[in-house]
Amino acid sequence: MKKIRIIIFLALLLSVKVLISTEPNRVIILDNGLDEKNIGSMLYVLEDPDDKLTIDDVITPEFQKKFHLSNKKNINFGYTDSKYWFKFDLIDKIPQKKNWLIEITYPPLDNVEIYSFNRADSIWNVYRIGDNVPYSQRLVKHRNFIYKLDHEDNDLFTYYIKVGTEGSFQVPINIISIDKQISNSNIELLVGAFFGLMFIMAIYNLFIYFSLRDKNYLYYFLTISSMLFLQLSLRGFHVTYIFESLVNYTNIIVLFSMTLTLIFSNIFFIQFLNLKVNIKYMFYFSRAFIYIGLISIPAFFFIPYSYLVIFLPVCAVITAIHMLASGIYLWKKGNKYARYFVLAWAFYIIGVIFMYFKNAGLVPGNFIFTNSMEIGAVLQVLFISFALADKYSLIKNEQQKLIKKNLELEKEQTEKLKIAVDERTKELQFINEELSVSNSTKDKFLSIIAHDLRNPFTSLIGFGHLLEHNFEIYDREDIKNKINLINTTAKQTYSLLENLLKWANSQRGELPFEPKKFNLFEFVVDINHLLDKQAIHKHISINIEIPNNLTILADKNMLSTIFRNLISNAIKFTLNNGFVLIKAEEKSADRNVIISITDSGIGISDVIIENIFKLEKSTVSLGTNHEKGSGLGLILCKDFIDAHKGKIWVESELGKGSTFKFTIPFS
């Protein structure tokens, strides 16, 4: 008795398990209330990863158990190398037989096989269709894949469909009556209207290019044309009307249209926003995608389609995001046309991204996502048209402003002509003054050569003559004095010649300017050693008050000339037993060093100070011991200080000495 209970319990348990695990087939009922039905959720699916199964295999009990219900209205496996079998059962309960169709509304599928059982001959009939099958072999001439159902009324009938493709694996399947399919031609009219609008806009931009010769319009024509070509390919029109006989190249045609869109959209993007000037790194980024597109074209023939059909859309999405980000950036920077670019391309870019997501199975295949690219393209063309109209309006406004400005110019022409004549007269006067200054400078230069050089050489010749003819009668002291005079005169003459050469070179721009960092105190001490004899001869003390660590940035040769001239002048115009003070102090606010050379000499009058740095007006004064000069030294000092971007000035009072000050930058 106990054993019988156990057996009954196990039997009941087994029956419950069978009831739980057995799912009744979902049957599609065709009745009078039905005209069109998406059967995606009622399809049973079997994956065939190696493409080895035949119809005879899949109808066996072994494989029938492997079918599972899809439960998805929109079947989308993204990108896959597997083949898939689909089956569905239906019963037609309409007494008067309707003409029913199976319609697969995704034209890019490569191979579709539809199997129906012929009960009269007990065989499975197969109808092969797809974009790899010539369009002429289709029983129903339509861009979608359509098959007419053939079954008995009120009887259960099973159909099998095998699908394989290298692209996006989408299988939107509808059962639809012929009448409904004909009425759906309105949708085809909308699609046709889209292509018509795109074609008109492409030709319109081409005509504008021929009229204005503006490359923006040419590149936009190519962009619209490539987008139109891509849409024709994705919608199946390329095999329907254009490349009917090129069924072996349908996938290459799709890739080619994607590549052209990638190339021309980036070219238009670069041209429209002038990226090479506005955002140079974005220019190089876009140009890289142009090169990727060009390299991809020969790759169509040796890289599998399944790889390229993923790679190119990814490039398109990256490019789209890059374009949108660049446009927004320039918009914020104040670029007038960037806002229209952003608004125009944002819709198309979003449409491309949605289409890619739909192809990858990330979003449902409803009307919006299925037609997202077309919707975005129409809105893009609309906003680009607004941009062109606004650009024309801006140009027209500029022309009106220009006309108004020309009228104002004509009105003021007489007055401006009079002003121009006056200004020209002033310019001629200024030129005459400059010529006068130039002549004065030339005369001064010739005077220095003719007079100031002649006198020293006259002295040298005279002293030499005396020594030559009186050597025997002169004692050693006379000879020594004469030699000292010759030596002093030679040094003065050499200094004058050196100043002349440096000044002449500076006027011709041939004197090199080579600033370096060096210690000012050590530099001034070295200069002072060269002038010690001149100071000692007049019993003049030279004091240096410069910080030991003060560093300046200057040309040593020029600065040496400045110090030698200013210190020599200070000694020259200082009485015996006087002093010369050399000071330097930093002015951190101006990043300058102010250097001053003060003497206890005879001072300078205001009249001389006013013209002391002007070659054409400078006067020559004798020193306290009748030392001669040319006046060129101070002119040279000013030129060299100007080369350092510094300033020089003098503060003096007659009988109370003078102070020459100048500025030099410090490191």
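Not measured: the values here are computed from a predicted model.
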In this structure, CD1 of Ile328 is separated from NZ of Lys333 (nearest 0.5 Å) by 15.5 Å
Exercise for the section: Mind running side chain to side chain contact (heavy atoms under 4.5 Å, CB included) on Ile173 and Ile75 for me, showing each step along the way? Expected result: CA-CA 9 Å; Ile173 302 180; Ile75 294 176; 5.6 Å; no
CD1 of Ile39 to CD1 of Ile175, rounded to nearest 0.5 Å, is 4.0 Å
Next item on the list: List the steps, then state whether side chain to side chain contact (heavy atoms under 4.5 Å, CB included) holds for Tyr160 with Ile59.
Entry: CA-CA 9 Å; Tyr160 290 88; Ile59 63 174; 3.9 Å; yes
In short, Lys148 meets Leu101 closest at the heavy-atom pair CA-CD2, 3.7 Å
Separation between CD (Gln271) and OG1 (Thr223), nearest 0.5 Å, reads 11.0 Å
Between Glu166 and Asp110, the two heavy atoms sitting closest are N-OD2, 2.9 Å
For Ser286 and Leu275, the nearest pair of non-hydrogen atoms, with its separation, is OG-CD1, 4.1 Å
Exercise. Are Phe229 and Phe256 close enough that some pair of their side-chain heavy atoms sits under 4.5 Å apart?
Worked result: yes
Value for CZ (Phe63) from CG (Asp56), rounded to nearest 0.5 Å, stands at 11.5 Å
Notebook entry, point to check: With side chains defined as the heavy atoms from C-beta onward, is the minimum distance between Phe117 and Ser122 less than 4.5 Å?
Noted result: yes
Is the shortest heavy-atom distance from the side chain of Ser225 to the side chain of Phe264 under 4.5 Å? no
Nearest heavy-atom contact between Pro49 and Ser82 is CA-OG, 3.5 Å
Classify the angle between the aromatic ring planes of Phe289 and Phe285 as parallel (below 30°), tilted (30 to 60°) or perpendicular (above 60°).
perpendicular
One should read off an interatomic distance between Tyr220 OH and Met201 CE, to the nearest 0.5 angstrom, of 6.0 Å
Do Tyr329 and Met282 make a side-chain contact, defined as non-hydrogen atoms from C-beta onward lying under 4.5 Å apart?
no
Item checked: Criterion side chain to side chain contact (heavy atoms under 4.5 Å, CB included) on Asn266 and Met323, from CA distance to verdict -> CA-CA 8 Å; Asn266 274 284; Met323 287 181 179; 4.0 Å; yes
Please determine whether side chain to side chain contact (heavy atoms under 4.5 Å, CB included) holds for the pair Ile146 and Ile102, giving the CA-CA distance in whole Å, both sets of side-chain angles, and the decisive distance to 0.1 Å. CA-CA 6 Å; Ile146 297 177; Ile102 295 177; over 6 Å; no
Taken to the nearest 0.5 Å, the spacing of Phe221 CZ from Ser226 OG works out to 10.0 Å
Minimal heavy-atom distance between Asn38 and Gly40, with the atoms involved, is OD1-N, 2.9 Å
Subject >> 4.5 Å side-chain heavy-atom contact, Tyr84 and Val45 >> reply: yes
**Message:** Parallel, tilted or perpendicular, judged at 30° and 60°: which one describes the rings of Tyr147 and Tyr127?
**Reply:** parallel
### Message
Taking CZ in Phe283 as the centre, count heavy atoms belonging to other residues, nucleotides or ligands within less than 6.0 Å. Is the count above 12?
### Response
yes
> Taking Glu113 for the side chain and Ile161 for the main chain, is one N or O donor matched with an acceptor at less than 3.5 Å?
Replying inline: no
Classify the ring geometry between Phe88 and Tyr159 as parallel (under 30°), tilted (30 to 60°) or perpendicular (over 60°).
-> parallel
Exercise. Please check if any side-chain donor atom of Tyr106 sits under 3.5 Å from a side-chain acceptor atom of Thr165, or the reverse.
Key: no
Exercise. Give a yes or no on this: more than 12 heavy atoms of other residues, nucleotides or ligands lie within 6.0 Å of atom CG of Asp81.
Key: no
Fill in: Phe169-Phe77 aromatic ring centre distance below 6.0 Å
yes
query: Should Lys66 and Asp48 count as an ion pair when the cut-off is N to O under 4.0 Å?
result: no
Between Ile55 and Trp85, the two heavy atoms sitting closest are N-CH2, 3.7 Å
